[in-house]
There are 2 protein chains.
Amino acid sequence: MASNSIKILEENGLSKTEVRKKVLNLFIDSACALSLSDIEAAFSKIDRITLYRTLKTFENKGIIHKAVDGTNHPKYAICEASCSEHKHEDDHAHFHCLSCGKTVCFEHVPNPAIPELLNGYVVEEATLILSGTCKECLVQKKSRISITETLE
Amino acid sequence: MASNSIKILEENGLSKTEVRKKVLNLFIDSACALSLSDIEAAFSKIDRITLYRTLKTFENKGIIHKAVDGTNHPKYAICEASCSEHKHEDDHAHFHCLSCGKTVCFEHVPNPAIPELLNGYVVEEATLILSGTCKECLVQKKSRISITETLE
DNA sequence: GAGTTTTTTGCAACAGTATTGCATTATAAA
DNA sequence: TTTATAATGCAATACTGTTGCAAAAAACTC
Ligand SMILES: [Mn+2]
Ligand SMILES: [Mn+2]
Ligand SMILES: [Zn+2]
Ligand SMILES: [Zn+2]
């Protein structure tokens, strides 16, 4: 559905350029959060600098949000419908797979509630990162084990 | 106490070089987590590459641990006594000040407990990042407000 | 649809971050 | 003190992220 991305761009008052449509569709179709390199690899023709600016534009508009995953490389994922310009509502945990490196949104796991004042510090935000082995990698591990067992 | 760092190096079977003593003392004396640039700025003579390798060595030995703070720049802080080679015990939250950029360990705030299996994913670790305004920045803000009020 | 205005894009240049190989130097062991 | 071992600093390289500017594309006006 190419019209999906066009609708989002229109709703946010953004001009419907090829780059924006392509990048936004990639986010819509992607099951996991994407780094700049991921997007760059998907569209070899698009300039890196344009991608940086596109991501910033989308983030400001509440179309995508940053997913902090403990790596030093920011990842981005499509926002929930309730997000808008300068007011993100994506207050959920992110899962980072140590096996394949993929990061996914855990919309059903809210970030923990923390007292506003803690040890004399004003806490404005709490971010939860989960890491371990993702569904897909688990399946691969299991089938590898069963192969090993068969060979023995 | 310069002997403090020497003792730690000896206990971990590391040769007592000038770089290691200096960097380790900096960590011991520092109230907050340090980035590579912070350390580089403290000792202009020491080569960046040596610092990268020193940090990696210390981390592997359980002398320092990485403090994930949501920025894209890893920070490091001295470990709790219980940490050892390849077995870190620093399971606490980190606070990142949005005003001054400093990151501190919150040893008294444990990372949240999360079920090992969540949504079909195996969770091995949970990391909590808190962000807001630190003690020191709060004091500055308050005094700035009182000055403004006096001028009115 | 053609022409005009405005915005977006891609390139150049640059600063910062991170890694590896290797010769030199410092430390530890003999 | 001499020898063996390990750490350091430099060169080279790759990757990440930012800004200014001219060309191209999109939006707007008629
Ligand atoms: Mn998310
Ligand atoms: Mn810590
Ligand atoms: Zn995985
Ligand atoms: Zn602060």
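As a basis for the values below, the full set of heavy atoms in this structure was taken, side chains included, without hydrogen atoms, waters or symmetry mates. The sequence lines fix the lettering, A, B, ..., with proteins before strands; numbering per chain opens at 1.
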Handout entry: Partner residues of B/Arg48 under the salt bridge (charged side-chain N to carboxylate O under 4.0 Å, His left out) criterion, sequence neighbours left out
Key = B/Glu40
Problem - Other cluster members, B/Leu130 - Ile/Leu/Val/Met/Phe/Trp/Tyr, side-chain contacts below 4.5 Å - result: A/Ile114, A/Leu118, A/Tyr121, A/Val123, B/Phe95, B/Val104, B/Phe106, B/Val109, B/Leu128
Handout entry: Under 4.0 Å protein heavy-atom contact, by nucleotide of nucleotides 9-21 of chain D - B base, S sugar-phosphate only
Key = BBB----BBBBB-
Handout entry: Pair listing, salt bridge (charged side-chain N to carboxylate O under 4.0 Å, His left out) test, anchored in residues 63-75 of chain A, at least two apart
Key = A/Asp69-A/Lys75
Exercise for the section: Determine to 10° how strongly the helix from C/dG1-D/dC30 to C/dA30-D/dT1 is bent, judged from the axes of its five-pair ends. Expected result: 30°
Practice task
Could I get the full list of side chain to side chain donor-acceptor pair (under 3.5 Å) partners for A/Asp38, not counting sequence neighbours?
Solution key: A/Ser35
So which protein N/O to nucleotides 23-30 of chain D N/O distances come out below 3.5 Å?
{"unit_1": "D/dA27", "atom_1": "OP1", "unit_2": "A/Lys16", "atom_2": "N", "d": "2.9"}

Completion exercise
Joining Ile, Leu, Val, Met, Phe, Trp and Tyr whenever any side-chain heavy atoms lie under 4.5 Å apart, the cluster holding A/Val122 also takes in A/Leu117, B/Leu138
Problem - Note: B/Lys21-B/Glu18 ion pair, threshold 4.0 Å (strictly below) - result: yes
Exercise for the section: Indicate yes or no for a side-chain donor-acceptor contact from A/Lys61 to the backbone of A/Glu85 under 3.5 Å, with no hydrogens or angles considered. Expected result: no
Completion exercise
Whole-Å distance, B/Leu9 CG to D/dA6 P, equals 16 Å
Problem - side chain to side chain donor-acceptor pair (under 3.5 Å) partners of residues 111-120 of chain A, not counting sequence neighbours, each pair once - result: A/Asp91-A/Asn111, A/Asn119-B/His108
Practice task
For the pair B/Ser15 (side chain) and B/Thr17 (backbone), establish whether a donor and an acceptor sit closer than 3.5 Å, ignoring hydrogens and angles.
Solution key: no
Handout entry: Range on DNA chain C touched by chain A - first to last nucleotide, heavy-atom distance under 4.0 Å
Key = C/dT8 to C/dA12
Exercise for the section: Identify, with sequence neighbours excluded, every residue that meets ring-ring contact (aromatic ring centres under 6.0 Å, His included) alongside A/His88. Expected result: none
Practice task
Please list, chain by chain and in numerical order, all residues satisfying side chain to side chain donor-acceptor pair (under 3.5 Å) with A/Glu125, sequence neighbours excluded.
Solution key: none
Exercise for the section: Answer yes or no: does atom NZ of A/Lys102 have more than 12 heavy-atom neighbours from other residues, nucleotides or ligands under 6.0 Å? Expected result: no
